[in-house]
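Below is one structure, written out as structure tokens, with a few remarks after it.
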Amino acid sequence: MSNLSNEYVQRRERLMAKLGQGTAIFRTAPPAIHHHTVEYNFRQDSDFYYLTGFKEPDAVVVLAPHHNEHQFVMFVRPKDLEKETWAGLRMGVDAAKEQLGADEVYPIEELDEKLPQYLEKADRIYYQMGRDRAFDDTVIRHWQTLMGKKYQKTGVGPTALVDPRPLMGAMRKVKSAEELGLIRKAIAISVEAHHAAMAMAKPGCQEHQIQAEMEYIFRRAGGQGPAYPSIVASGENACILHYTENNCQMQDGELLLVDAGCCYDYYNGDITRTYPVGQDFTAEQRILYEIVLEAEEKAIAQAQPGKPYSAIHDTAVGVIVDGLMELGLLKGDREEMIKEEKYKPFYMHRTGHWLGIDVHDIGVYKHGEAEVLLEPGHLFTIEPGIYISPNIKPAEEQPEIDKRWHGIGIRIEDDILITKTGHEILTKDVPKKIDEIQSYRQG
Ligand code: GLY
Ligand code: MN
Ligand code: MN
């Protein structure tokens, strides 16, 4: 349980205000098997965590704003001395009621018996199918029982199962001051780790040594660990977007791309920097780096309240296309390059994503044809790149790529918060301008 507990009350109240006559059900994450009888460390389901701060498995939250007595109900694992000896302490039913502020808490074993009373007067059930098949079956069974004879007699019952993602996405997309405190902490640790990586990388160093140094810093500072599998990619490995083997030795003349961030109390940093393993950029590396940096800086300039989210990607693509055309790596009409995505062999991903409890956080990027407009409290990454794999296959009617460009992969990624007046680059303390990188690496 983190120290945001008042905020959990407010979050549930805000959600319940939107449920009307509906009942929402949230289930903890299913355990993930590492091998045989050994599980991975448990990570709570993000919506469940957002609404409760509760970190144990095998629990259910029911929010029933229309219920006469209990609007916030939990089902949790009861205390069990023997099981706790093997697998860790449990909060238990009594403490859960007190610490989580639930109107009622039951042992999880009583779910089948107690759940129907919270659903029978609801006109819909909010529940996200597909995350836990066994529990999906439980929800469907109760739903269909209620919609059987009882509904026929009374005309009252949940006629629809509704995905809560639109509601949760809208709430989670705007970060509170308390959330930003945790995010700043996650980012401060991530920044420290990137500084350490920059100081350490040199010819002969192993990618996994950089990974180990960074993840040591994450954990030592009290983080849960890496926010996602750390990417430490030297040379052409950087052309694999999610390269995580991290088992190569770095060579002079290569670039090193490091994409790593710390998870701190369920909030995440997500930072990428690319710099020379040795003393300096080669001419080709420098030219491409300047294009990516310009794309990133111009995209960041679009991060303003009221601007469409799509302007960020469109701006980055425009700069990258201009740069590649100037180098003769793309040829033809600029607008056609963009419309037909002929730049995609070089730049195949989007320019960022919402960031929060999930590194790729919940929340839509478009409302159908309508734009999502940026608002204060929105947090996202901006992360353009250029990747020229030795296996690159140019788009139709595009020139072959001279080998001197092969094996260069560059990405620059920052975490951006929209403020009332503009934006804040939360990750700005990791050098990215060429002269800053040089002086940091040499000094
Ligand atoms: N490292 C995952 C990402 O940047 O989205
Ligand atoms: Mn990212
Ligand atoms: Mn990243």
Side-chain angles (χ1 to χ4, degrees), residues 228 231 233-244 254-259 270-275 281-303 308-355 359-360 365-366 380-416 432 434:
Y228 49 87
I231 297 167
S234 57
E236 68 184 58
N237 295 334
C239 300
I240 300 168
L241 299 180
H242 292 161
Y243 170 82
T244 52
E254 291 178 337
L255 293 178
L256 178 69
L257 181 156
V258 179
D259 182 350
D270 184 4
I271 305 177
T272 307
R273 289 293 184 266
T274 309
Y275 40 87
F281 290 84
T282 65
E284 288 78 13
Q285 290 166 352
R286 179 181 289 261
I287 291 168
L288 294 177
Y289 189 89
E290 296 279 22
I291 298 171
V292 176
L293 185 60
E294 185 186 341
E296 207 231 5
E297 289 180 337
K298 291 205 165 140
I300 290 175
Q302 296 295 318
Y309 178 77
S310 62
I312 290 167
H313 181 63
D314 293 347
T315 300
V317 166
V319 174
I320 288 171
V321 166
D322 288 342
L324 294 175
M325 288 186 76
E326 205 168 303
L327 295 173
L329 297 174
L330 283 178
K331 286 199 169 129
D333 176 65
R334 180 184 191 269
E335 297 321 307
E336 191 186 306
M337 293 295 115
I338 293 174
K339 192 155 166 264
E340 296 183 8
E341 299 185 329
K342 293 204 167 157
Y343 57 85
K344 270 207 161 169
F346 301 90
Y347 183 39
M348 58 297 282
H349 59 80
R350 301 287 297 182
T351 303
H353 48 84
W354 306 121
L355 178 65
V359 175
H360 293 179
Y365 295 104
K366 274 257 190 171
F380 49 87
T381 69
I382 294 188
E383 49 179 306
I386 294 178
Y387 313 89
I388 310 187
S389 158
N391 306 315
I392 190 168
K393 206 167 161 300
E396 228 167 74
E397 292 167 23
Q398 288 298 308
E400 286 303 311
I401 309 299
D402 191 288
K403 282 205 170 24
R404 69 195 169 103
W405 301 103
H406 280 186
I408 302 177
I410 296 163
R411 178 163 65 254
I412 307 172
E413 177 175 30
D414 282 296
D415 302 342
I416 312 294
K432 66 180 173 187
I434 286 186

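Closest heavy-atom contact between Gly409 and Leu257: O-CD1, 4.1 Å. Between Ile320 and Ile291, the shortest heavy-atom contact is CA-CG2, 3.9 Å. Nearest heavy atom pair, residue Gly332 against residue Met337, reads CA-CE, 3.7 Å. Asp333 and Met325 make their closest contact through C-CE, 4.4 Å (heavy atoms, listed as atom of the first residue, atom of the second, distance). Closest of all the heavy-atom pairs between Pro345 and Ala395 is CG-N, 3.7 Å. Contact between Pro394 and Pro399 at its shortest, heavy atoms only, is CG-O, 3.3 Å.
Side-chain contact between Thr272 and Ile231: absent, with no pair of heavy atoms (C-beta onward) separated by less than 4.5 Å. Inter-residue side-chain proximity for Phe346 and Leu330 is flagged as met; some heavy-atom pair is nearer than 4.5 Å. A 4.5 Å side-chain heavy-atom check between Tyr289 and Ile408 finds every atom pair outside the cut-off. With contacts defined as side-chain heavy-atom distances shorter than 4.5 Å, the pair Tyr228/Thr244 does not qualify. In this structure, the side chains of Met348 and Leu241 come closer than 4.5 Å at one or more pairs of heavy atoms. Using a 4.5 Å heavy-atom cutoff, the side chains of Ile416 and Ile312 are not in contact. Residues Leu255 and Phe281 meet the side-chain proximity criterion, which asks for heavy atoms closer than 4.5 Å.
The ring pair (Phe, Tyr, Trp, His ring centres under 6.0 Å) pairs that include a residue from residues 383-402 are His349-Tyr387, where partners are two or more places apart or lie in different chains. The stretch residues 344-353 participates, sequence neighbours left out, in these salt bridge (Lys or Arg N to Asp or Glu O under 4.0 Å) pairs: Glu341-Lys344.
The side-chain contact (heavy atoms from CB on, under 4.5 Å) test applied to Pro390 returns Glu236, His406, not counting sequence neighbours. Ala316 is linked by a side-chain contact (heavy atoms from CB on, under 4.5 Å) to Ala295, Ala299, Thr351, Pro384, counting only residues two or more places apart in sequence or in another chain. Judged as a salt bridge (Lys or Arg N to Asp or Glu O under 4.0 Å), and not counting sequence neighbours, Glu290 has no contacts. Not counting sequence neighbours, Asp270 has no partner by the salt bridge (Lys or Arg N to Asp or Glu O under 4.0 Å) test.
Remark: Lys331 NZ is loosely packed, at most 12 non-hydrogen atoms of other residues, nucleotides or ligands lying under 6.0 Å away.
A donor-acceptor pair is defined here as one N or O able to donate and one able to accept, closer than 3.5 Å; such a pair exists between the side chain of Thr381 and the backbone of His353.
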Given the rule in the side-chain contact (heavy atoms from CB on, under 4.5 Å) test, do Val292 and Arg411 qualify, once you have shown the distances and angles that lead to the verdict?
CA-CA 7 Å; Val292 176; Arg411 178 163 65 254; 5.9 Å; no
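In this pair, Phe380 and Tyr309 present their aromatic rings perpendicular. The plane angle is above 60°, beyond the 30 to 60° band.
Arg273 and Asp414 are joined by a salt bridge, as a carboxylate oxygen and a charged side-chain nitrogen come within less than 4.0 angstrom of each other.
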